[in-house]
Peer 1: 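Quick one: the structure is below, and I'll ask about it shortly.
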Amino acid sequence: MSNFVEMLNDLMQEENINANNLAKKLGCTPSSICSYLSGEYSPLIKSLVEIADYFKCTTDYLLGLESENTSENFLTCPPIGERIKKLVTQKGYSGRRFCRESGIPEGTYFAWIAGRAEPNIDSLIKVAKFLNYSVDYVLGREN
């Protein structure tokens, strides 16, 4: 998560925007932005996408997984559980096999696909790396 903190700080400095102003632009509280910047909390997927959209960058860049900021027109994200289930199936995995091989707990995976929970940022990165996709592709932001 420290890469996210570093990238968010860098992007805010480049845009010359502080936590209060960024919070206003994103429609969240300044304390949320401050907790992201301190590394105390990581954003939920919706907030991660909103931050990336604001800075016109990929979520992969924002998470420090890409070294270049390649902005493009992003698609609207479908429900994450449905998207992960679709990608897991396309790769030829059953849910249980995916969990066993990726290290994602079965209960967690099945909560995602049932829409009862969403992956945190670290789990999202783990899924993307395991499936050999970008985070933006896993989120459904790009084809």
Side-chain angles (χ1 to χ4, degrees), residues 1-93 95 98-143:
M1 216 46 231
S2 63
N3 289 337
F4 168 75
V5 172
E6 198 173 302
M7 293 304 297
L8 181 56
N9 269 310
D10 289 350
L11 288 167
M12 288 174 65
Q13 286 177 1
E14 287 173 18
E15 293 286 321
N16 197 27
I17 190 167
N18 63 30
N20 287 336
N21 291 335
L22 181 59
K24 284 179 191 172
K25 298 278 186 185
L26 298 176
C28 65
T29 63
S31 64
S32 293
I33 302 298
C34 290
S35 358
Y36 303 155
L37 290 169
S38 71
E40 184 179 355
Y41 294 105
S42 44
L44 299 175
I45 290 172
K46 180 180 184 269
S47 298
L48 177 72
V49 170
E50 287 172 348
I51 294 167
D53 285 347
Y54 175 80
F55 289 110
K56 297 177 180 70
C57 66
T58 65
T59 56
D60 293 270
Y61 180 77
L62 184 57
L63 293 169
L65 302 172
E66 288 180 352
S67 58
E68 293 196 27
N69 180 3
T70 55
S71 65
E72 52 186 87
N73 292 326
F74 295 105
L75 304 171
T76 302
C77 299
I80 189 64
E82 291 174 17
R83 179 71 178 167
I84 291 173
K85 181 180 181 182
K86 178 181 177 180
L87 296 176
V88 165
T89 303
Q90 283 178 349
K91 286 283 189 171
Y93 291 100
F98 167 75
C99 293
R100 186 175 55 252
E101 293 183 20
S102 69
I104 302 290
E106 279 188 34
T108 300
Y109 171 75
F110 289 108
W112 295 345
I113 64 170
R116 293 189 313 269
E118 288 191 349
N120 62 28
I121 301 301
D122 292 331
S123 295
L124 185 63
I125 292 169
K126 187 175 189 177
V127 168
K129 285 183 178 181
F130 179 79
L131 295 175
N132 199 30
Y133 291 133
S134 70
V135 171
D136 280 301
Y137 188 78
V138 170
L139 289 171
R141 292 181 83 214
E142 64 183 24
N143 288 324

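Note: hydrogens, waters and symmetry copies are ignored here, and every other heavy atom, side chains too, is used. Note that the coordinates shown come from a computational prediction; the quantities given were computed from them, not determined experimentally.
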Peer 1: Roughly how far, to the nearest 0.5 Å, is the CG atom of N120 from the CG atom of L44?
Peer 2: 9.5 Å

Peer 1: Does the side chain of C77 reach to within under 4.5 Å of the side chain of V49, using non-hydrogen atoms?
Peer 2: yes

Peer 1: Considering residues at least two apart in sequence or located in another chain, which fulfil the side chain to side chain donor-acceptor pair (under 3.5 Å) criterion with S32?
Peer 2: T29

Peer 1: Only distances under 3.5 Å count here; give the side-chain donor-acceptor pairs of residues 127-134 to other protein atoms, sequence neighbours excluded, each with its distance to 0.1 Å.
Peer 2:
from	atom 1	to	atom 2	distance (Å)
S134	OG	Y137	N	2.9
S134	OG	E142	OE2	2.6

Peer 1: Side-chain atoms of residues 103-117: list all donor-acceptor pairs with protein atoms under 3.5 Å, sequence neighbours left out, distances to 0.1 Å.
Peer 2:
from	atom 1	to	atom 2	distance (Å)
E106	OE1	R96	NE	3.3

Peer 1: Would you give the length of the straight line joining atom CG of L62 to atom CD1 of I51, rounded to the nearest 0.5 angstrom?
Peer 2: 6.0 Å

Peer 1: Using 0.5 Å steps for rounding, measure from the CG atom of L8 to the CG atom of L22.
Peer 2: 6.5 Å

Peer 1: Measure the spacing between OG of S123 and CD of E118 and express it to the nearest 0.5 Å.
Peer 2: 11.5 Å

Peer 1: Looking at every non-hydrogen atom in both residues, tell me the closest pair between L75 and G140 and how far apart they are.
Peer 2: CB-O, 3.4 Å

Peer 1: Scan residues 9-28 for pairs that pass salt bridge (Lys or Arg N to Asp or Glu O under 4.0 Å), counting only residues two or more places apart or in two chains.
Peer 2: none

Peer 1: Could you check whether any side-chain heavy atom of I121 comes within less than 4.5 Å of a side-chain heavy atom of F4, counting everything from C-beta outward?
Peer 2: no

Peer 1: Report the residues that fulfil salt bridge (charged side-chain N to carboxylate O under 4.0 Å, His left out) with D136, sequence neighbours left out, ordered by chain and then residue number.
Peer 2: R141

Peer 1: Atom OG1 of T59 and atom CD1 of I125: how far apart are they, to the nearest 0.5 Å?
Peer 2: 9.0 Å

Peer 1: With sequence neighbours excluded, what pairs up with A23 under the side chain to side chain contact (heavy atoms under 4.5 Å, CB included) test?
Peer 2: C28, P30, I33

Peer 1: Any heavy-atom pair between the side chains of C99 and Y93 that's under 4.5 Å?
Peer 2: no

Peer 1: Please tell me if the side chains of K86 and T89 come closer than 4.5 Å, counting only heavy atoms from C-beta onward.
Peer 2: no

Peer 1: Is the closest side-chain heavy-atom distance between F55 and M12 below 4.5 Å?
Peer 2: yes

Peer 1: Over all heavy atoms of both residues, which pair between L65 and V135 is shortest? Give the atoms and the distance, please.
Peer 2: CD1-CG2, 3.6 Å

Peer 1: With rounding to the nearest 0.5 Å, note down the distance linking CG in L139 to CD1 in I45.
Peer 2: 6.0 Å

Peer 1: Could you list the residues that satisfy side chain to side chain donor-acceptor pair (under 3.5 Å) with E68, not counting sequence neighbours?
Peer 2: none

Peer 1: Is the closest side-chain heavy-atom distance between F74 and T58 below 4.5 Å?
Peer 2: yes

Peer 1: Please collect all salt bridge (Lys or Arg N to Asp or Glu O under 4.0 Å) contacts where either partner lies in residues 76-85, sequence neighbours excluded, each pair once.
Peer 2: none

Peer 1: Say whether, by atom type as modelled, one donor and one acceptor occur between the side chain of N21 and the main chain of I17 under 3.5 angstrom.
Peer 2: no

Peer 1: Only pairs at least two apart or in different chains count here, so list each salt bridge (Lys or Arg N to Asp or Glu O under 4.0 Å) that has a residue in residues 32-48.
Peer 2: K46-E50

